[in-house]
Amino acid sequence: GGGEGGGDASTAAAVSVGMITSQTGPLAAYGEAYTAGFEAGLDYATDGTGAVDGREIEITWADDQGNPDTAVAKAKDLIGQGTQILAGTVVSGIATSLAEQAEQNRVLYISGPAATDAVTGVNDYTFRSGRQTYQDVATAGTFIGDPAGKKVVVFAQDTAFGQGNLAGVQAVLGGQGATVEGVLVAEDATEFTPFAQQILQAAPDLVFVAWAGASSGAMWTSLAQQGVFDVAPVVTGLGDVSTYGAYGEAGASISFLNHYFGGASGTDVEAAMIASLEEAGATPDLFSPDGFVAAQMIVHAIREGGDTVDGMIDALEGWTFESVKGEITVRAEDHALIQPMYQVKLVQDGANWVPELVDTVDADEVAPPVAGE
Amino acid sequence: MDTVVLLLVTGLGLGALYFLVASGLSLIYGLMGVLNFAHGSFLTISAFLGWEVGRRVSDGTWLGLGLSALVGVAVGAIVAAATEFLIIRRLYERHIEQALVTVGLSLASVALFEGIWGTDPIYTERPDWLTETTTVLGARIPNDRFLLIACAVLVLGGIVLFLHRTRYGLIIRAGVENRHMVTALGIDVRRAFTLVFAIGGAAAGLGGVLASVYYGYVSAHLGSVLLIFAFIVTVIGGLGSLTGAAIASVLVAVLQQFANFYLAGTGDFVVVVALAAVLLVRPRGLLGRTT
Amino acid sequence: MAGLVADDAVLELERVGLAIGGARILKEVSLAVPAGELLGVIGPNGAGKTTLFNVVSGVVRPTEGRVVLDGRDVTREPVHRRAAAGLGRTFQTSSLFPALTVLENVRLAAQADLGAAASVFRTPRPTDAATERARDALADVGLADAGDRLAGGLAHGEKRKVEIAMLIAMEPRVILLDEPMAGVGSADVPALAEVIRGLHRGGRTVLMVEHHLDVVLGLADRIAVMHHGELLAVDTPEAVMANPTVQSAYLGEGM
Amino acid sequence: MSESSPAQPILTVRGLTGRIAGQLVVEDVSFDVAATGVTALLGRNGVGKTSTIRSILGLIDRTGEMSLAGTRIDRLPTHRIVQLGVGYVPEDREVFGGLTVAENLRLAERDRSPRRDEVRRLFPDLHDRRDQRAGTLSGGQQQMVSLGRALVNENRLLLVDEPTKGLAPKIVDEVAVALAEAAKTVPILLVEQNLAVIRALAHRAVVLSGGRVVYDGEASDLLDDEAMLRRHLGVHDAGEAA
Amino acid sequence: MTQDDLTGSTGATGTGAPARASRRRWLLVGGGLVAVAALAVLPLLAIDVPGVLPGPTYTPGTLQLLAFALLIAALALSYRMLFGLAGLLSFGHALFFAAGAYGLGMALDAFAPSDLPSGLAFTAAIGVTLVFGLVLALTVGALALRVTGISFAMVTLAFAQAGSVLIRRNPEQATGGDEGLALDITHVPEGLVGVVHTRNLYWMALGVLVLVYLVVLWVERSRAGHVAEAARENELRVRVIGVRPYTVRLLVFVVASVLAAVAGMGYLLLQSGAAPRIATADFTLTILVIVVLGGVGYRWGAIVGGIVYTLLDQRLTALAGSPAIEALPDVLRIPLSEPLFILGTLFVLVVLFLPGGIAGLPGRIRTGRRSHPAEPLETTDA
Ligand SMILES: Nc1ncnc2c1ncn2[C@@H]1O[C@H](COP(=O)(O)OP(=O)(O)OP(=O)(O)O)[C@@H](O)[C@H]1O
Ligand SMILES: Nc1ncnc2c1ncn2[C@@H]1O[C@H](COP(=O)(O)OP(=O)(O)OP(=O)(O)O)[C@@H](O)[C@H]1O
Ligand SMILES: [Mg+2]
Ligand SMILES: [Mg+2]
């Protein structure tokens, strides 16, 4: 640690950063990957000192338990104790609550892997460190070449996540001339066979599946059983390592869009991150870059921000930097994080399934339109 | 046409799963007045242990599945009997407290399962035949639905016979009404009640293993997902009526399928409306006793 | 059938019948009870006496016939409406609110006519009218000191008395008593009989099912005899006792 | 009629104390039930007669010493006591309303060869209603089921709590006859408010007052002594209800 | 159902020796006032209770936690009235809490574009939400109360489930679905926004609790309360006295539900948003757990339960992540690092060995007696 930088430390006060993420609760595994990525990023951005220009970064970790009430309470506690920067959370609902707190209390907030589009452009104080739903959807669009005249069926759960994906596809691919049809399934539904039938009846050119949660195994089985893979390419987002086995036999037939998997980008920064992660006994995973980027942004904000929120916002807006996935830009207008995405397939390796990169999708190609315009 | 067949048969399959959970629930409630919120946990633990054993012996084969089922049934019965013996028994006839204890148990056990097996679902292997389909009247029906239906029918028949053909059945039915009087006739009623829990737990255990086949995973929340519907089915069928629970299971599941498909995913709402409607017309459920 | 009905009848049954799943439990029971009468109802076990009371009080709806209270057809009215119209009853097995105190039990009955909706939320006071009425009613049955005990902890005979006290506090005009003496110790029978006589003397109409014949004979103006769901006879105590069917079906040899 | 000498009571109760919810309902009660005939347990409403019987059976918390034919029963659970040969007719009938009459009786059968014919002879009405649910029976009919359940087995002792409550006079006679007949073979502890029935059946009487025994002796001595009746039972007219 | 050990006083038994009773009453009133006053000055003091509170009592984090606890206590109190007094075991109480939170949130959203004066718009939003809660309660209550006992529980569960699904479905983008609803602060008084004003939010929560307490007290002491209590014991008997239990129950149900909605509104303001979690059956179960933990027999039991539960939940989570636990062997570490496991187990133990809940503890110690109010699950219906 760089704790003993005597003279400097006495002139420049420490900066307190509040990290709120799931340590327990349903998304604890994501929280863990994010946390590991953050530690690696902090190491990288501060050259292992944990300090910026001699100023110690004091990090307080708080567990949101996947519960917005807890998260808000923790945030208020942290803000009350003088925290200037908040970051974190995998849970979209918590991210929007924290964004709200950031605005009410004028602190900087850098949201975690939560994918909701709502965080982009929500207010001046809120930034993001991961990708957003729109980027996922746009990546899916890259699988059918020219969408004009094609028919796309979105198969999703009838939740904010699923609806967001449908809206995204309508905006992205519909905007490019595709006919988009949604097959939305009640979140609690357990029987997907009839819906697989419904997809078949629609005679699609591309099936986009946006699914979260435990029922995905049963869902994929149903699609395979009813022969959906025989009629059109099926695209979906590739989740974290633990889900690779969830697709069963169907895994080989699915075209995956992907935010990140270990080894996807091959950049130097990635190599540094993986080395750092492995040293800490962790493995790179879907949300490792989000944590890494968050650390980079925080360090940058402290370094250039002049200790005021407005200064930090100014420092981050429009900032372009090298990160795990390559070159990343914080768009000034709405704080969207412009970054490349990946096309991936799963291949069987013994008893396991492993991802294999098919193509990298340019950051600009999948950049969301400016929010609020 | 084939869509209708598909909806019907898959509805029956789902109904079978509901029934496997509801049968134990209904039995325990009807006979002992205990609203058992821990029933979902019986199911979950059976599914987990069944899976652990099955995969170690022979993953994804009939032998493995058979073993899982056996272990599931045994675990369900033992855990349920132990629950009754160690906890419920101390609160005989204090029905509210009994229900409360089971609430506490279910909260604690789900947390414990999460601690042991993690929060993510664990995907399971099953025999190939079960992942294939059979075409019935043009509809491609997944084979595991047939397995579910067959098991549910067997369980229904078995329990009905037990209750009406055996002395234990008689004791249980009497003990529900007036435990003191049954003991005053020289019968150790507590043993009968433990037995009821064991039977209910065994049905849930089988349900747990089959649920893991149906969903393709085991997770700490497997039981809670099914429990609410099992409750609804139990009430619609008439508390304590096994046949009622069976009929209601099928009705609810089929209704749910059709509503989900044709009425824009409104299956859950339709079930709620059905529950309210049935209770308003027949406050004691379809086959509930009318005294 | 109107001819049967006396002008001053407060309670009339017109060809009341009840069938449950093929079993005819009441058959064409017609009866008119004039105001102020104490009518004893006797009959063998299972004759349908309790069922008759259930039909009159609205707990069970008859499958045939009409129940007329004060000239008004109440056959389709629910229990609480009939009670509010002045019909009180007790049950064959005591039925109190076990977790409330004796006084609270009786006070509930006293304040049953809650009056205007606004008064529903009014807080009862130790001194309000309903409480006074409840205390008086308890004193009438000799339980003045038992007000603070929990009703669930009373012995059988005491429960019976509390039930009567609840009736007194309700001030109904027509009262149905289902075996008020059952389980009451011989020592207390005369006192309880006196209480019932008092109920009646106040001008109320009382119907009483009772197997204690001496009590019935001592109190009743007329006696109705039921057998197999039918009304065999309604007559003066002397005439009923002399009736040979009553002798054989109900009284037996006597001890 | 006396395998065991009359000096050997079938049931001895010493220092029995019973509580319901912590409240004392039976206090230091001691008495014997003779090995033959009917012993009456008397007292005014609420003195604890029912509670005494229920304590003997272990249906409420109790302490004290009790033996049935020499076997200590104060630590046994209810069902074990009953299995020693005790028949119980509870105060409020307590039939199983959801079961049929036949099922109620079948449930009570403990013996290898239960005395079904006996019960059928005593209560022919029950036989006709064997498939009716007991909950729909009239009060008196339920009382018969309750008695039938006790009489269907061979017993060493019957505990009978107010068997004639709510019965029509004719049935009261019949029940009394049935009990008298039963008493020829099995000793009975009988709680009863109807003094006429007591007079006809009981040999001995135990009177409770305030949870304690205040009289223990010959039934006839008690019934013939007006002063004692008045004092213990509050009865003014001993010849009542004759 | 035996009512053997019914000794728990529900507080509605106002008889007894009048002089002693009135002295007791004054003591209680005085004690209550002191307690409220003590709670009210907490934000001005710096009391630090390590291990129980996250920091000194004036800090926003602690005040936020305490305010949350007070609102949960208010909700529990309203539930106790339903369950403890009227014996109505509802599994849908969360629905009304959510109705308050989401109702106010959506109303504020709807009024946001209007240029009404803020004070007026805020009041109007509250008014609209109250009416919404009332209508919802009347509708659900009128239907659900047609049945009793477990069936009632299931109908309320089903309605709450429908409400929960509806909220998660995010119809017309109105509820925010899984992501929850953010509070639109356009018309919210400035004093209730931001961490610097956490103190005001705390006082608001305290105000809600006091309000709910007074209303509950009033209902329980009223004739309607007595009838509801009696109907819990023996429904047919109440009808024979001439009262329709349905009406009284509906009354209690509606009052309890509207109170829950009031607590829900407080929750929205405190949290600056609403999450779908508060509409789930699990949340109702949590309230039930709180009420029982505190002691069904006592009004203040619900309050104590609410506060204890919230603090415990928070502290156990802190404990679960602590190094001390991490160092334990698996058999101990796994259960101990799951706060819900500990809470669930604790709850089971309380029900088994402490039937009166926390509030019953003093009485038990005093008399050495068991006391637990038992509610008949299935009321008599003919
Ligand atoms: N649901 C039912 N099904 C068949 N029979 C029934 C039903 N309900 C009541 N009964 C019969 O109706 C008859 C009348 O019963 P009720 O209780 O009115 O008799 P009662 O005259 O009050 O007798 P008791 O003096 O013994 O109380 C009885 O024979 C009873 O068995
Ligand atoms: N469940 C109970 N809870 C509290 N006290 C009770 C309970 N049951 C009975 N008691 C009390 O125990 C005492 C004895 O009651 P018990 O029923 O044994 O009297 P009894 O002699 O059988 O009266 P009866 O002649 O009326 O049947 C009564 O004073 C009563 O208050
Ligand atoms: Mg009768
Ligand atoms: Mg008695």
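Chain letters run A, B, ... following the sequence lines, proteins first, then strands; residues in each count from 1. Atom set for the values below is all heavy atoms of this structure, side chains included, hydrogens, waters and symmetry mates excluded. Note that the structure is a prediction, hence the values are computed from the model and not measured.
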TODO: Verify the neighbour count for atom CZ of R120(D): are there more than 12 heavy atoms of other residues, nucleotides or ligands below 6.0 Å?
DONE: no

Open item on the list: Looking at R121(D), I want to see if its CZ is surrounded by more than 12 non-hydrogen atoms of other residues, nucleotides or ligands under 6.0 Å.
Closed with: yes

Task: Interface residue of largest heavy-atom contact number with chain B, from L59(D), L57(D), N153(D), under 4.5 Å - done: L59(D)

Task: Over all atoms of both residues, closest heavy-atom pair of R106(D) and L170(B) - done: NH1-CD2, 3.9 Å

Open item on the list: Checking an interface table here. Which of residues 66-86 of chain D come within a heavy-atom distance under 4.5 Å of chain B?
Closed with: T78(D), H79(D), V82(D), Q83(D)

Open item on the list: Rounded to the nearest 0.5 Å, what separates atom CG in L107(D) from atom CE in M181(B)?
Closed with: 9.0 Å

- [ ] Answer yes or no: is there a side-chain heavy-atom contact under 4.5 Å between V182(B) and F96(D)?
- [x] yes

Open item on the list: So for atom CZ, which belongs to F162(B), do other residues, nucleotides or ligands contribute more than 12 heavy atoms lying within a distance under 6.0 Å?
Closed with: yes

TODO: Would you indicate whether the side-chain heavy atoms of N178(B) and V95(D) approach each other to under 4.5 Å?
DONE: no

Open item on the list: Heavy-atom count check: over 12 atoms from other residues, nucleotides or ligands less than 6.0 Å from R191(B) CZ?
Closed with: no

